[in-house]
S.K.: 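Can you keep this structure in mind? I'll have questions shortly.
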Amino acid sequence: MSQLQSLRGMVDLLPDHTRRWQAVEAVARAHFRRSGLAEIRTPLLEVTELFARGIGEATDVVGKEMYTFADRGDRSCTLRPEGTASVVRSAIQHGLLSQGVQKLWYAGPMFRYERPQAGRQRQFHQIGVECLGVSTARSDVEVIALAWDLLRDLGLSGLELQINSLGTLEDRQRYRQQLVNWLEARVDQLDVDSQQRLITNPLRILDSKNPSTQALLIDAPTLLQALSQESAQRFESVQLLLNQLEIPFELNPRLVRGLDYYGHTAFEITSDQLGAQATVCGGGRYDGLVQQLGGPPTAAVGWALGMERLMLVLEAAAKANPDGAAARLTATPAPDLYLVNRGEQAETLALALARQLRSAGVSVELDGSGAALGKQFKRADRSGSAWAAVIGDEEAESGQFRLKPLLAEGEEHGLALNDLDAMVAVLKTTT
RNA sequence: GCGGGCGUCGCCAAGUGGUUAAGGCAGCGGCUUGUGGUGCCGCCAUUCGGGGGUUCAAAUCCCCUCGCUCGCCCCA
């Protein structure tokens, strides 16, 4: 390819898409505002050590998926592969944690060097929530409910909430040993990948997609059985609360998340519309992370949702239900008024009028072509605008013009060019 | 990183070795110098992702390369 093009896995968002993104982001922001969350914006570039220490040296994300390079000062820098580590770093650095509970949200691009596939890109976008300084089961559920309600408001269907408890570090270590013992007696029945993981990260064998491995695991000891009394009780509370809030969920004892910092509640929201990369939103509790990054002991929960995947689900929902909320969000808006104009004096007049109307809150498409009026009207029609008006030599001469309805038969409104209030009244009441 | 499929105009798409590479949508111009939606007419790929090779002859066959796509790995 000799033509310049975007890097592999780096995707342009064209106007057709940015409209939908903005609509979705607006819904998300409204939810965050009502839930008392504040936005935080952190740099895209961080020192590599942040992610190595935060996410876990042994994870795939850190081990083989990071965009890491040395800057001119020979510091090792990394394009953030996820948001949580940065948010925590920022909260520690600026002393936010000594100012009480921090309820934060963020949105922006993340970078992971992976082979692109459906719902997976090298630069992708997440909207995330981090709630720092609270440890109750209730806060887990509040955070999960926020994600659930947000997705529901977008008119999405076919979503499933899966939850699990990863317990405490001690719980996991104890269980890890049980699982390894059990699996080692059956190594020959494991697939090659899982045999490898038996050494590197045994818990990850649990969510292997290999059917025979899954069949084998049916009789394996589960993480839930290995939970301490307190951990088990805590998880009971989470489930009880979800039931009380009537948020449907699926208990998935195999749900293990790939980032080291999770403990206790872990959850994912998956869609049946996405193929292999089914997770739209994932998160959980990460009580140890703040301390691990040099901050005070601080409990925390959060989640991140993938915008690209969300948009795929939204588009599917819009297609399946043309009258639903999802379809409304994906619709392209038409201008309130399409202004046809021609003639030197008239074009200036039209420009001025468009400006006045826009200031008054009316959306105006001003035809800038200077083409024949018939031509301009064709474009007016295609714009989907409910109204059109012509400003030409006659109108410039008389100071009068007419608003013409385009979508349905109706009467034209003759108005004075300087009667802005009357124009706004017509345009706003009927659109 | 590994395995499968694919790559013809902005989008969809016919063509699978032989004169000028269909068609549709969109776009632009006209029929119609001041009034749209329908209709009709015209324009819109010297070139088939890129490079090399085979052949008298390639979009069509071969090799390399880039990209997309599906799955694995992993995750949003």
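In what follows, chains are A, B, ... by sequence order, proteins preceding strands, each numbered from 1.
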S.K.: Using the C1' atom in both, what is the distance from rG34(B) to rG49(B), to the nearest Å?
M.R.: 48 Å

S.K.: Please determine whether any donor N or O and acceptor N or O are separated by less than 3.5 Å between the side chain of Arg120(A) and the base of rC70(B).
M.R.: no

S.K.: Out of rC75(B), rG27(B), rG67(B), which nucleotide sits closest to the side chain of Gln5(A)?
M.R.: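 Among the listed nucleotides, the one closest to the side chain of Gln5(A) is rG67(B).
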
S.K.: Within the structure shown, what part of the strands sits under 4.0 Å from Arg379(A) by heavy-atom distance: base, sugar-phosphate, or nothing?
M.R.: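 The answer is sugar-phosphate, as Arg379(A) gets under 4.0 Å only of primed atoms, P, OP1 or OP2.
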
S.K.: Expected output is a numbered-order residue list: members of residues 143-155 of chain A with a heavy atom under 4.0 Å from any atom of RNA chain B. What is it?
M.R.: none

S.K.: Does the side chain of Asp287(A) come under 3.5 Å of the side chain of His264(A) through a donor N or O and an acceptor N or O?
M.R.: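 The answer is no; no qualifying pair exists.
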
S.K.: Distance under 6.0 Å and angle within 45° of the ring axis: does Arg152(A) meet both against Trp148(A)?
M.R.: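 Because its charged atom misses either the 6.0 Å distance or the 45° angle limit, Arg152(A) does not stack over Trp148(A).
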
S.K.: Does Arg342(A) place a side-chain N or O at less than 4.0 Å from the phosphate oxygens OP1/OP2 of rU35(B)?
M.R.: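 Indeed not, no polar side-chain atom of Arg342(A) lies that close.
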
S.K.: Pick base, sugar-phosphate or nothing for Asp393(A), based on heavy-atom distances below 4.0 Å to the nucleic acid.
M.R.: base

S.K.: Between rC62(B) and rU54(B), how far apart are the two C1' atoms, rounded to whole Å?
M.R.: 7 Å

S.K.: Please name the nucleotide paired to rC48(B) by Watson-Crick or G-U wobble geometry with both distances under 3.5 Å, or report none.
M.R.: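 By the stated definition (distances under 3.5 Å), nothing pairs with rC48(B).
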
S.K.: Classify Gly9(A) by what it touches in the nucleic acid, base, sugar-phosphate, or nothing, heavy-atom distance under 4.0 Å.
M.R.: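 If one applies the 4.0 Å heavy-atom cut-off, Gly9(A) turns out to touch the sugar-phosphate alone, with no base involved.
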
S.K.: For a quick check of understanding: with a heavy-atom distance under 4.0 Å over all strands, which category does Glu65(A) fall into, base, sugar-phosphate or nothing?
M.R.: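 Sugar-phosphate only.
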
S.K.: Any idea which of rC75(B), rC74(B), rC66(B) is nearest the Glu114(A) side chain?
M.R.: rC74(B)

S.K.: What's the closest nucleotide to the side chain of Asp60(A) if the choices are rC73(B), rG30(B), rU35(B)?
M.R.: rC73(B)

S.K.: Take atom C1' in rG1(B) and the same atom in rG18(B), then report the distance between them in whole Å.
M.R.: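 Those two atoms are separated by 44 Å.
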
S.K.: Between Arg115(A) and rU69(B), does any side-chain N or O lie under 4.0 Å from OP1 or OP2?
M.R.: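 Indeed not, no polar side-chain atom of Arg115(A) lies that close.
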
S.K.: Is Glu395(A) touching bases, backbone alone, or none of the nucleic acid, heavy atoms closer than 4.0 Å?
M.R.: base

S.K.: Does the pair Leu337(A) and Leu357(A) meet the rule for a side-chain contact (heavy atoms from CB on, under 4.5 Å), with working shown?
M.R.: CA-CA 9 Å; Leu337(A) 171 67; Leu357(A) 283 166; 3.6 Å; yes

S.K.: Any side-chain N or O of Gln117(A) under 4.0 Å from OP1/OP2 of rU69(B)?
M.R.: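 Checking rU69(B) against Gln117(A), no side-chain N or O comes under 4.0 Å of OP1 or OP2.
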
S.K.: Under 6.0 Å from the CZ atom of Phe249(A), do we count more than 12 heavy atoms belonging to anything else shown?
M.R.: yes

S.K.: Scan Gln121(A) against the nucleic acid and name what it touches under 4.0 Å (heavy atoms): base, sugar-phosphate only, or nothing.
M.R.: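 Since a base atom lies under 4.0 Å of Gln121(A), the category is base.
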
S.K.: As a test of reading the structure: which of rC75(B), rG71(B), rG34(B) is closest to the side chain of Glu394(A), going by heavy atoms?
M.R.: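 Output: rG34(B).
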
S.K.: Would you indicate what Arg402(A) reaches in the nucleic acid, counting non-hydrogen atoms under 4.0 angstrom: base, sugar-phosphate, or nothing?
M.R.: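 Answer is base: heavy atoms of Arg402(A) come under 4.0 Å of a base.
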
S.K.: Within the 4.0 Å heavy-atom criterion, would you say Gly282(A) contacts the bases, only the backbone, or no part of the nucleic acid?
M.R.: sugar-phosphate

S.K.: In terms of side-chain heavy atoms of Arg257(A), which of rG34(B), rG36(B), rA76(B) is nearest?
M.R.: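 Nearest nucleotide to the side chain: rA76(B).
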
S.K.: Does atom CZ of Arg186(A) have more than 12 heavy-atom neighbours, drawn from other residues, nucleotides or ligands, at distances under 6.0 Å?
M.R.: yes

S.K.: Base, sugar-phosphate, or nothing: which does Gly119(A) touch, judged by heavy atoms less than 4.0 Å apart?
M.R.: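 Counting heavy atoms under 4.0 Å across all strands, the contact made by Gly119(A) includes a base.
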
S.K.: Count the heavy atoms of every other residue, nucleotide or ligand shown that sit under 6.0 Å from CD of Gln400(A), and state whether that count exceeds 12.
M.R.: yes

S.K.: Would you indicate which nucleotide in rG34(B), rG1(B), rC72(B) comes nearest to any side-chain atom of Tyr113(A)?
M.R.: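 Of the candidates, rG1(B) comes closest.
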
S.K.: Just name whichever nucleotide pairs with rU19(B), Watson-Crick or G-U, keeping both distances under 3.5 Å, else none.
M.R.: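 The answer is none; no pair meets the criterion.
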
S.K.: Quick one: is rC72(B) close enough that its OP1 or OP2 comes under 4.0 Å of any side-chain N or O from Lys209(A)?
M.R.: yes

S.K.: Which nucleotide, if any, forms a Watson-Crick or G-U wobble pair with rG3(B), using both distances under 3.5 Å?
M.R.: rC70(B)

S.K.: More than 12 foreign heavy atoms under 6.0 Å from CZ of Arg358(A): is that the case here?
M.R.: yes

S.K.: Quick one: label Ala380(A) by what it contacts on the DNA or RNA (base, sugar-phosphate, nothing), any heavy atom closer than 4.0 Å.
M.R.: nothing

S.K.: Over 60° means perpendicular and under 30° means parallel, so tell me whether His125(A) and Trp21(A) are parallel, tilted or perpendicular.
M.R.: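 Plane angle over 60°, so perpendicular.
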
S.K.: Over all strands shown, is Leu259(A) touching base, sugar-phosphate only, or nothing at heavy-atom distances under 4.0 angstrom?
M.R.: sugar-phosphate

S.K.: To the nearest 0.5 Å, tell me how far Ser208(A) OG sits from Gln214(A) CD.
M.R.: 6.0 Å

S.K.: At under 4.0 Å between heavy atoms, what does Val390(A) touch on the DNA or RNA strands: base, sugar-phosphate, or nothing?
M.R.: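 Base contact - Val390(A) has a heavy atom under 4.0 Å of at least one base atom.
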
S.K.: For rC11(B), what is the paired nucleotide under Watson-Crick or G-U wobble rules, both distances under 3.5 Å?
M.R.: rG24(B)

